[in-house]
Amino acid sequence: MTALDNIDRNILRLLRVDARTSNAKRASEVGLSPSACLRRIKIMEKAGVIRGYTALVDTVNADATIAVIINITLERQTEDYLDKFEAAVRKHPEIRECYLMTGGSDYMLRVEVASAGEFERIHKEILSTLPGVLRIHSSFSIRNVLAVRPKARRSGAQG
């Protein structure tokens with residue numbers, strides 16, 4: 001696939017906001033015919049730009065979970081240390097995301113827990129046993145701003 005153009009980026013933006021919007025409405029918003037819009041989506045899916053679709057779950061109405069962002073610093077940044085750490089992380093489904101980072105820490109992980117006690121167990125049994133870990137810094141999220149659509153503003157409200 002060639003580089004994404006402005007229309008592709010607009011299609012992706014609309015899909016991120018609401019992938020269930022009709023293709024006709026999406027096409028109208030980006031200035032394409034429905035068939036041309038759908039063709040572009042299929043091309044991006046085939047190329048792996050669009051890897052899948054998901055549901056955003058409202059944690060107020062579902063099982064409440066707390067996202068914990070964990071910054072990990074390794075003892076060394078050698079290929080061997082990185083490989084061993086990444087292999088160990090892959091063995092733990094509790095770790096939802098793991099990113100190799102630049103900056104102050106080597107990795108950023110995300111886990112979801114129902115309570116501080118559950119995180120304590122994950123910290124003790126998993127995070128502190130990962131190979132090569134020098135430092136663990138964890139932050140608890142308050143809410144995911146991008147996971148829910150903004151509520152409609154009340155008439156007369158200023159913003």
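As a basis for the values below, the full set of heavy atoms in this structure was taken, side chains included, without hydrogen atoms, waters or symmetry mates.
- Applying the ring-ring contact (aromatic ring centres under 6.0 Å, His included) test to every pair with at least one member in residues 94-118, sequence neighbours left out, gives these pairs: Phe85-Tyr107.
- In terms of hydrophobic clustering, with Ile, Leu, Val, Met, Phe, Trp and Tyr side chains grouped at heavy-atom distances under 4.5 Å, Ile70 and Met101 are assigned to different clusters.
- Within the 4.5 Å cutoff, the side chain of Ile41 has heavy atoms near those of the Asn23 side chain.
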Output a table of donor-acceptor pairs, distance under 3.5 Å, between side-chain atoms of residues 127-134 and any protein atom two or more places apart or on a different chain; print 'none' if there are none.
unit_1, atom_1, unit_2, atom_2, d
Ser128, OG, His123, O, 3.0
Ser128, OG, Lys124, O, 2.8
Thr129, OG1, Glu125, O, 3.2
Thr129, OG1, Ile126, O, 2.8

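- Ser138 and Val68 make their closest contact through CB-CG1, 4.1 Å (heavy atoms, listed as atom of the first residue, atom of the second, distance).
- Annotation for Arg26 and Leu14: closest pair CG-CD1, 3.8 Å, computed over non-hydrogen atoms.
- Gly104 and Thr73 make their closest contact through O-OG1, 3.9 Å (heavy atoms, listed as atom of the first residue, atom of the second, distance).
- Put simply, the side chain of Ser141 gets close to the backbone of Ala67: a donor and an acceptor are under 3.5 Å apart.
- Applying the side chain to side chain contact (heavy atoms under 4.5 Å, CB included) test to Asp80 and every residue at least two apart in sequence or in another chain returns Thr78, Lys84.
- Remark: side-chain polar atoms of Glu120 are not paired, donor with acceptor, to backbone N or O of Ala116 under 3.5 angstrom.
- Counting heavy atoms from C-beta on, the side chains of Arg40 and Asp8 come closer than 4.5 Å.
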Which side-chain N or O atoms in residues 30-39 pair as donor and acceptor under 3.5 Å with protein atoms at least two apart or in another chain?
unit_1, atom_1, unit_2, atom_2, d
Ser33, OG, Ser35, OG, 3.3
Ser33, OG, Ala36, N, 3.2

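- Atom CZ of Arg76 has 12 or fewer neighbouring heavy atoms from other residues, nucleotides or ligands inside a 6.0 Å radius.
- For Gln77 and Asp106, the side-chain atoms include at least one donor-acceptor pair closer than 3.5 Å.
- For the residue pair Leu109 and Cys98, the shortest heavy atom distance occurs at CD1-SG, 4.0 Å.
- Looking at Ile69 and Met108, their side chains come closer than 4.5 Å, going by heavy atoms from C-beta outward.
- Side chains of His137 and Ile72 form no contact here, defined as non-hydrogen atoms less than 4.5 Å apart.
- Every residue two or more places apart in sequence or in another chain that forms a salt bridge (Lys or Arg N to Asp or Glu O under 4.0 Å) with Glu45 is listed here: Lys42.
- Note: Glu118 CD to Arg121 CZ = 6.0 Å, rounded to the nearest 0.5 Å.
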### From CA spacing to verdict: side chain to side chain contact (heavy atoms under 4.5 Å, CB included), Met44, Ile11
CA-CA 10 Å; Met44 288 189 283; Ile11 291 170; 3.9 Å; yes
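- For Tyr81, there are no ring-ring contact (aromatic ring centres under 6.0 Å, His included) partners at least two apart in sequence or on another chain.
- To the nearest 0.5 Å, the span separating CD1 on Ile66 from OG on Ser115 amounts to 7.0 Å.
- Distance check, rounded to the nearest 0.5 Å: CG of Asn6 to CZ of Arg13 gives 11.0 Å.
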